[in-house]
Amino acid sequence: MVKFKSRPSTPNGKPAKRPRMAYMEDSDEERTPVKAGKKNLESPKKRMKSAAPVSGKQHAIQEQRKLLPIAQGRDALIHEIRENDVTVLIGETGSGKTTQIPQYLLESGLAGKGMIAVTQPRRVAATSLANRVAEEKNTEVGKLVGYSVRFDETSSEATRIKYVTDGMLVRELLSDPILSRYSVIIVDEAHERTLRTDILMANLKAIQQKRNKPTDRKGKGPAAALSPLKIVIMSATLDAEKFSSFYNKAKILYVKGRQHPVTIYHTATSQADYVDSALRTFFQIHTDRPPGDVLIFLPGQEDIEGLSSSIQLYANRLPQATPGVLLCPLYAALPPGQQTKIFSPTPKGMRKCILATNIAETSITIPGVKYVIDTGKCKEKRYIARSVGSGFDTLLTRDITKSSAMQRAGRAGREGPGFCFRLYTEDAFKNMPLSAEPEIRRCTLTASLLQLKCLGQDLEELEFMDKPDEENILSALAALYILGALDDKKALTKNGRDMAFLPLEPYLARVVLAARELGCVREILDIVSVLSSNSKLFFDSADQRDAALEARTKFRHSSGDHFTILNVVRSFDEIAKTETNAGKKDWCHKTYLNFRCLTEAVAIRTQLKEVCERMKIDWTASCGDNEQPVLRSLVRGLVQNAAFLQPDGSYKQVMGPSIVKIHPGSVLCDKKIPAIIYDELVYTTNIYARGVSAVPRSFIAEVPVLNHRKA
DNA sequence: GAGCACTGC
């Protein structure tokens with residue numbers, strides 16, 4: 001039995017005055033509430049009438065819009081944004097800020113002749129928001145309202161509101177450094193502080209200084225013809241002051257959300273085994289509480305699989321009268337077919353139990369959840385910079401942050417009053433950091449540094465909300481130098497510019513450029529496309545491990561994972577010649593390959609071929625069955641990731657001090673290979689090299705930069 | 001002997 005404190009507490013840790021407190025409702029912060037002001041431009045009624053011919057569905061949509069919490073503050077919001085160059089808007093979940101504000105700004109004429117961009121950290125968000133807003137505007141997406149994400153652009157000359165991924169806008173800087181097409185840029189989900197959001201926010205500050213300078217508008221300097229830029233930063237409640245002070249004390253506005261009350265319980269004592277506590281808590285809910293689905297937050301796949309089978313075991317032993325349990329695991333690497341189960345309605349007399357990673361915190365909203373069990377744990381990727389180019393990523397379980405805990409609790413109150421059981425004490429909650437450290441402080445900066453170099457900027461000089469770590473910058477500089485993207489004066493080389501032009505990680509871009517010299521671009525594009533796909537090529541869940549290994553043996557290649565990938569892609573291409581989409585899917589299913597990964601890889605490859613053509617790279621050049629050019633190309637990009645076998649069977653980095661092991665998922669695991677190169681190094685239970693190939697030692701020695709360093 | 005989540009002309 002897990003003991004929870006009998007008195008529930010509020011999500012932000014303050015004692016509950018009322019037993020059922022609305023999520024995020026109380027706060028002592030001084031706020032500028034947004035209310036319908038007197039400076040109304042037009043009455044709400046008039047506004048709705050002006051919309052296109054009103055069908056029944058349209059009417060319902062417009063009625064719904066009027067009911068959104070943000071609707072009553074419309075005119076005041078427009079007024080504030082008109083008066084201020086930068087506005088920080090804090091909007092709680094369900095306020096409607098992301099769909100409504102762009103429309104308000106357009107309707108008020110505030111955008112002038114320019115476009116309104118709304119940035120999102122995730123692709124799905126950008127596309128689905130554009131669809132939603134187009135529907136509200138009673139038009140097709142791609143006309144007045146459009147979107148732009150990688151591989152998928154739906155916008156036109158007529159587009160005035162464009163939903164884009166933040167990465168897309170950063171890319172756009174390369175061709176249009178002052179983002180001249182836009183008159184308003186709305187940065188949404190700014191609190192997530194992704195690397196791209198931070199780079200964008202730093203650039204926006206500089207761009208606005210250029211575009212809004214009064215002296216320039218009088219006709220002096222190059223900015224004379226520039227139209228001013230409005231910036232709106234939108235975020236969840238935390239960190240408002242930080243955004244505001246970054247933009248010279250920008251005005252902060254608050255919009256209320258619409259969220260059902262969530263009652264929160266903390267455990268009385270801290271729990272040694274969070275998986276076991278989650279198991280007990282689930283059955284306490286299942287036997288004591290009324291119907292409603294349960295969402296359990298766990299750090300990763302391993303815990304999800306473990307807890308899932310324990311729950312199944314105990315559920316089978318319950319008395320017949322107890323409702324059945326429908327288990328739904330949910331993590332990114334799960335085959336999509338098994339993810340859809342979550343959205344289908346819970347069968348009568350059953351209780352759905354969703355076991356999810358962080359993916360359910362922001363990316364996927366699950367209907368019907370009434371109870372949340374929060375283990376208080378997550379996994380975090382963190383780059384450890386080590387002297388010259390020998391850093392590695394860690395992926396370790398750690399405690400979550402306050403903002404994450406609040407987000408998780410909020411997932412219980414989407415459709416009605418809910419309950420959140422935190423498997424940690426109230427003190428533990430109070431001691432959590434407010435929000436996660438921004439990515440710019442904990443991720444590899446190599447790709448961003450290269451992009452900035454192309455803009456004539458530098459990580460050291462650009463003004464960021466949080467400064468990147470010195471060691472991390474040095475490590476990125478070293479990496480780019482080794483790849484030949486920067487010269488010894490830290491200046492961008494021709495090679496570097498070409499690398500930035502390719503939509504690939506710098507090291508993979510270098511592999512493609514090497515393949516150009518060695519005449520094996522065709523093979524390299526096949527490999528690189530899979531490596532830069534988001535999803536994994538091979539599925540691996542505990543229950544089907546042996547069958548999967550068996551089905552895949554025909555792809556295994558003795559020189560390692562890169563050639564194994566090439567074999568898979570070649571087979572898939574063969575199948576694709578004759579099979580329909582369903583046939584390809586079926587083939588993937590039988591061989592335990594991820595259809596999504598291969599589909600994405602094919603899209604990336606197509607894009608890379610187009611880019612190659614523009615760069616005058618012959619992508620049809622092939623080396624046939626000669627493996628040497630392919631391995632040489634890989635070595636050129638992965639030279640930092642080379643390791644030699646030691647007498648004791650371990651591997652030692654060539655350019656760093658670490659002892660590494662070959663990841664168990666690699667085809668070269670347990671093999672004794674004199675020299676290897678690898679895609680990445682991840683520290684979990686050991687320092688593991690993932691994506692490994694065997695290469696002749698001489699290939700590593702012949703890379704120019706190593707000769708340099710010896711000389 | 002093992003894989004949090006995202007993104008890109």
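Since we're looking at a predicted model, the values are computed, not measured. Basis for what follows: all heavy atoms, side chains included, without hydrogens, waters or symmetry-related copies. A note on names: the letters A, B, ... follow the listed sequences, proteins ahead of strands, and every chain is numbered from 1.
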Partners meeting salt bridge (Lys or Arg N to Asp or Glu O under 4.0 Å) with [X] (sequence neighbours left out):
X	answer
A:Arg552	none
A:Glu192	A:Arg122
A:Asp276	A:Arg280

Rounded to the nearest angstrom, tell me the gap between atom [atom1] in [X] and atom [atom2] in [N].
X	N	atom1	atom2	result
A:Glu305	B:dC4	CD	C1'	14 Å
A:Lys661	B:dG3	NZ	P	12 Å
A:Glu361	B:dC6	CD	P	12 Å

Residue [X], side-chain heavy atoms: nucleotide from [options] that is nearest:
X	options	value
A:Val149	B:dC4, B:dC6, B:dG8	B:dG8
A:Arg196	B:dG3, B:dC6, B:dA5	B:dC6
A:Arg690	B:dA5, B:dG3, B:dG8	B:dG3
A:Lys536	B:dG3, B:dA5, B:dG8	B:dG3
A:Arg150	B:dA5, B:dG3, B:dG8	B:dG8
A:Thr684	B:dC4, B:dA2, B:dA5	B:dA2
A:Glu302	B:dG3, B:dC6, B:dG8	B:dG3
A:Thr357	B:dG8, B:dC4, B:dG3	B:dC4
A:Pro664	B:dG3, B:dC6, B:dA2	B:dA2

N/O (side chain, [X]) to phosphate O (OP1/OP2, [N]) under 4.0 Å:
X	N	answer
A:Thr685	B:dG1	no
A:Tyr688	B:dA2	yes
A:Arg545	B:dG1	no

Check your understanding: Applying side-chain hydrogen bond (donor to acceptor under 3.5 Å, both in side chains), which residue pairs with at least one partner in residues 123-132 of chain A are found, sequence neighbours left out?
Key -> A:Arg132-A:Glu136
Exercise for review: Tell me which of A:Phe501 and A:Pro299 sits closer to the 5' end of DNA chain B, going by the nucleotide each one is nearest to.
Suggested key: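 Its nearest nucleotide lies further toward 5', so the answer is A:Pro299.
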Point to revise | Comparing A:Glu600 and A:Leu395 on DNA chain B - which has the more 5′ nearest nucleotide | key: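 The residue whose closest nucleotide sits nearer the 5' end is A:Leu395.
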Point to revise | A:Glu437/A:Arg382 under salt bridge (Lys or Arg N to Asp or Glu O under 4.0 Å): CA gap, chis, key distance, verdict | key: CA-CA 10 Å; A:Glu437 209 176 344; A:Arg382 182 172 281 272; 2.9 Å; yes
Check your understanding: With a non-hydrogen cut-off below 4.0 angstrom, is A:Thr165 in contact with a base, only sugar-phosphate, or nothing?
Key ->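 Sugar-phosphate contact only.
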**Study point:** Pairing residues for A:Ser155 by the side chain to side chain contact (heavy atoms under 4.5 Å, CB included) criterion, not counting sequence neighbours
**Key:** A:Glu153, A:Thr159, A:Lys162
Revision key, fill the gap. Residues of residues 444-454 of chain A with a heavy atom under 4.0 Å from any atom of DNA chain B, listed by number, are none
Practice item. Tell me, please, whether A:Tyr383 has A:Arg442 positioned over its six-membered ring: NZ or CZ under 6.0 Å from the ring centre and within 45 degrees of its axis? Key: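 Judged by the rule (NZ or CZ under 6.0 Å from the ring centre, within 45° of its axis), A:Arg442 is not positioned above A:Tyr383.
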